[in-house]
Amino acid sequence: PEPQFEQDPTKKTIVVLGTGWGSVSLLKKLDTENYNVVVVSPRNYFLFTPLLPSCTTGTIEHRSIMEPVRTIVRHKKRAVKYYEADASSIDPDRKVVTIVDNSEIKGKTMQTEIPYDMLVVGVGAENATFGIPGVREHSCFLKEIGDAQRIRKKIMDCVETAAFKGQSEEEVNRLMHMVVVGGGPTGVEFAGELQDFFEEDIKKLIPEISPRFKVTLIEALPNVLPSFSKQLIDYTENTLREEKIDIKTKTMVKKVTDTTVEAEITNPDGSKQSVVIPYGLLVWATGNAVRPIVKDLISRIPAQQNSRRGLAVNEYLVVQGARDIWAIGDCAVAGYAPTAQVASQEGNFLGGLFNNMAKTENLESRIHDLSSSMNLNPGNSAETAREIEHLEKQLRRVKDVKPFHYSHQGSLAYIGSEKAVADVSWWNGNLATGGSMTYLFWRSAYLSMCFSTRNRVLVILDWLKSKAFGRDVSRE
Ligand code: FAD
Ligand code: NAD
């Protein structure tokens, strides 16, 4: 039988915000026997973000990289309560979270409060726009499933509109120009996927307009993938150029309109030059910004007043200056990059920490009970004393929790034309590699990281399907 969720008044209530990398890895690790667990997130599924760029072109179908949270928590020892809602504010003094149903269908109750004993903030980050005018109105982000679906539709809309009878040459050039802003891993992977889609499918199906198709990658810094090694940056830039992707580095976008991007180029002599670039599709991938719920919490905690990039946490991921609040993943500032690897290790650590805290309380109360019984019943005292000693030994072991330590497994990125780059350190040596073998490694690594066997099978089938039959270009 399915476990029924009942609040057990003798147990503490942990409220977990979010169903991303951090929160889900916490839920996997957490022994729900010890706590009442409540999860709040507007997204009732976990999303395997590393393969999201592949969904924009239909190489992978979006449902293959989603896993419902209800399936994830189904096998926990005690039931976990899930509410599909956004946390809209956190009151650290009253220890309550206000949650709001922002989905399309709402009931008569769409806002309520949830009290917590312990709170985990794992709400991730939102897309940075730096307040650049027109970005929100005219560009597509690439963070959620809906973004990938929107991009997939728009690519085909641009192509079909460019093929429309009587379209002027200038307009065809604009519509077939796909511009990506941000040369971090998101922008690079998307540009590579897009060029593949074009080379492998669109070119064959609509040859008359294919010479006009062009991908431009715009980056403000002097090179793309700034977090990778110099050797891999060079390899990536050369490969992207071979794929005919136009890389514009030292180019800062300043304004966006419905058909153009206005940017400032820094020339080699240091002089600046303004350019206007017409586009059909614009994808904006300039990294992370802090979510409003996190900004609001920061404003309520005096010790967080200097936090700009997220909630400052200590080495046990406790939000500094707050009581009983922890933060993990992209919304936490612990000194690591905002990646899935970091978020999942933090979630796993916190799950273990909470399990330990429950064990500690349990042992302490048993020791307390035994000591009391020893006083009441001195006859059994030798045996009881031995048991207490044994429990105290266990308690010391359990209490000895090491702080969070991130172990970097390496960075991987797909760069198009069946090539990938990898910066991995093994056995204290560094391996920086790129190419087709790395691509196979990339595929197998991501496959092994997929959430479930179901996801893994679906991703393999999608890869085979798009290889055998080509990607589906229907615009739905
Ligand atoms: P997320 O995974 O973003 O989860 C946040 C959760 O909080 C979501 O469920 C969201 O719905 C929920 N939420 C939002 N607002 C609220 C609210 N108000 N109340 C409650 N819940 C809320 N990293 C890597 O290490 N390797 C990669 O290959 C890689 N590829 C990537 C590719 C793309 C296209 C992108 C966008 C990112 C990629 N990343 C990768 C980065 C990685 O996805 C993030 O670092 C990771 O998702 C962070 O995990 P998180 O749990 O902090 O946040
Ligand atoms: P990012 O922050 O890594 O890169 C954004 C880039 O946009 C920066 O290089 C920045 O210089 C540039 N930029 C900012 N404003 C600009 C402007 N106005 N004009 C032109 N360029 C501008 O962002 P991301 O690629 O979305 O990655 C976010 C996080 O997710 C990172 O930590 C990244 O490592 C991780 N991630 C990892 C992978 C992977 O490992 N394969 C894939 C995607 C994302």
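Read the numbers this way: they start at 1 and go in the same order the structure lists the ligands and their atoms. When a residue number appears, it is its place in the shown sequence, counting from 1.
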- Item | Min N/O separation E189 to ligand 1 under 3.5 Å | no

- In a check of side-chain contact (heavy atoms from CB on, under 4.5 Å) between S64 and each of L461, L458, L51, which one passes? L458

- Message: Would A87 count as being in polar contact with ligand 1, using the rule that some N or O on each side must be under 3.5 angstrom apart?
- Response: yes

- Rounded to the nearest 0.5 Å, the CD1 atom of I245 sits from the CD atom of Q195 at a distance of 5.0 Å

- Query: Can you check whether P338 has an N/O within less than 3.5 Å of an N/O in ligand 1?
  - Reply: yes

- Query: Are any of the N or O atoms of N288 closer than 3.5 Å to those of ligand 2?
  - Reply: no

- Note on the structure: For T186, the side-chain contact (heavy atoms from CB on, under 4.5 Å) test, sequence neighbours excluded, returns L142, A285

- Message: Can you tell me which portion of D330 lies within the under-4.0 Å heavy-atom range of ligand 1? Options are side chain, backbone, both, or neither.
- Response: both

- Message: Please classify the P226 to ligand 2 contact at 4.0 Å (heavy-atom distances, strictly less than): side chain, backbone, both or neither.
- Response: side chain

- Message: Under a 4.0 Å threshold between the charged nitrogen and the carboxylate oxygen, would E144 count as salt-bridged to R43?
- Response: yes

- Task: Identify, by atom number and element, the atoms of ligand 2 in contact range of T339, meaning under 4.0 Å from any of its heavy atoms.
- Result: 32 (O), 34 (O)

- With distance as the sole test, does D101 use its side chain to make a donor-acceptor pair with the main-chain N or O of G107 at under 3.5 Å? no

- Task: Describe, in one word, how the ring planes of F404 and F349 are oriented to each other, choosing from parallel (under 30°), tilted (30 to 60°) and perpendicular (over 60°).
- Result: perpendicular

- Item | Residue portion contacting ligand 2 (non-hydrogen atoms closer than 4.0 Å) for Y446 | side chain

- Quick look: A220 vs ligand 2, heavy-atom contacts under 4.0 Å, and the answer is both

- Item | Element-labelled atoms of ligand 1 that are located less than 4.0 Å from some non-hydrogen atom of A343 | 48 (C), 49 (O)

- Do I132 and ligand 2 have an N or O pair less than 3.5 Å apart? no

- Message: Quick check: T19 and ligand 1, any N/O pair under 3.5 Å apart?
- Response: yes

- Message: Please determine whether a side-chain nitrogen of the Lys or Arg among R152 and E61 lies less than 4.0 Å from a carboxylate oxygen of the Asp or Glu.
- Response: yes

- Query: Given E219, K255, E264, E189, which has its nearest heavy atom closest to atom 12 (C) of ligand 2?
  - Reply: E219

- Message: Distance check, rounded to the nearest 0.5 Å: R456 atom CZ versus S448 atom OG?
- Response: 7.0 Å

- Short N/O distance, under 3.5 Å, between F130 and ligand 2? no

- Message: Checking the side chain of Q341 only, and the main-chain atoms of G410 only, is there a donor and an acceptor separated by less than 3.5 Å?
- Response: yes

- Query: Does M252, backbone or side chain, put an N or O under 3.5 Å from an N or O of ligand 2?
  - Reply: no

- Query: Quick one: nearest non-hydrogen protein atom to atom 30 (N) of ligand 1, plus distance?
  - Reply: P50 CA, 3.5 Å

- ligand 1 to A340 polar contact by distance, N or O atoms, under 3.5 Å: yes

- Message: With the threshold set at under 4.0 angstrom, would you say F46 reaches ligand 1 through any of its heavy atoms?
- Response: no

- Task: Before signing off on this row, confirm whether Q341 and ligand 1 have an N or O atom pair separated by under 3.5 Å.
- Result: yes

- Under 3.5 Å, N or O to N or O, is T186 touching ligand 1 that way? no

- Message: To the nearest 0.5 Å, what is the distance between CZ on R63 and CD1 on I145?
- Response: 9.0 Å

- Query: Can an N or O of K143 be found at a distance shorter than 3.5 Å from an N or O of ligand 1?
  - Reply: no

- Taking N or O atoms only and a 3.5 Å limit, does P42 qualify as a polar contact for ligand 1? no

- Measure the NE2-OG1 distance between H75 and T32 for me, rounded to the nearest 0.5 Å. 12.5 Å

- May I ask you to check if ligand 1 and Y45 share an N or O to N or O distance below 3.5 Å? no

- Task: Check ligand 1 against G122 and write out every atom of the ligand that is under 4.0 Å from a heavy-atom position of the residue.
- Result: 5 (C), 6 (C), 7 (O)

- Task: List for me each residue that meets side-chain contact (heavy atoms from CB on, under 4.5 Å) alongside L232, sequence neighbours excluded, and say none if there are none.
- Result: F228, S229, V421, D423, A432

- Message: Closer than 4.0 angstrom, basic N to acidic O: yes or no for K154 and D157?
- Response: no

- Note on the structure: Quick note on ligand 1: atoms under 4.0 Å from a heavy atom of Y446 include exactly 27 (C), 28 (O)

- For ligand 2, the portion of Y414 having any non-hydrogen atom under 4.0 Å away: neither

- Message: For atom 39 (C) of ligand 2, what is the closest protein heavy atom, and at what distance to 0.1 Å?
- Response: L412 O, 3.3 Å

- Message: Under 3.5 Å between any N/O of A337 and any N/O of ligand 2: does that happen in this structure?
- Response: no

- Task: Please say whether L221 places an N or O atom under 3.5 Å from an N or O atom belonging to ligand 2.
- Result: no

- Query: Salt bridge or not for K295 and E126, using N-O below 4.0 Å?
  - Reply: no

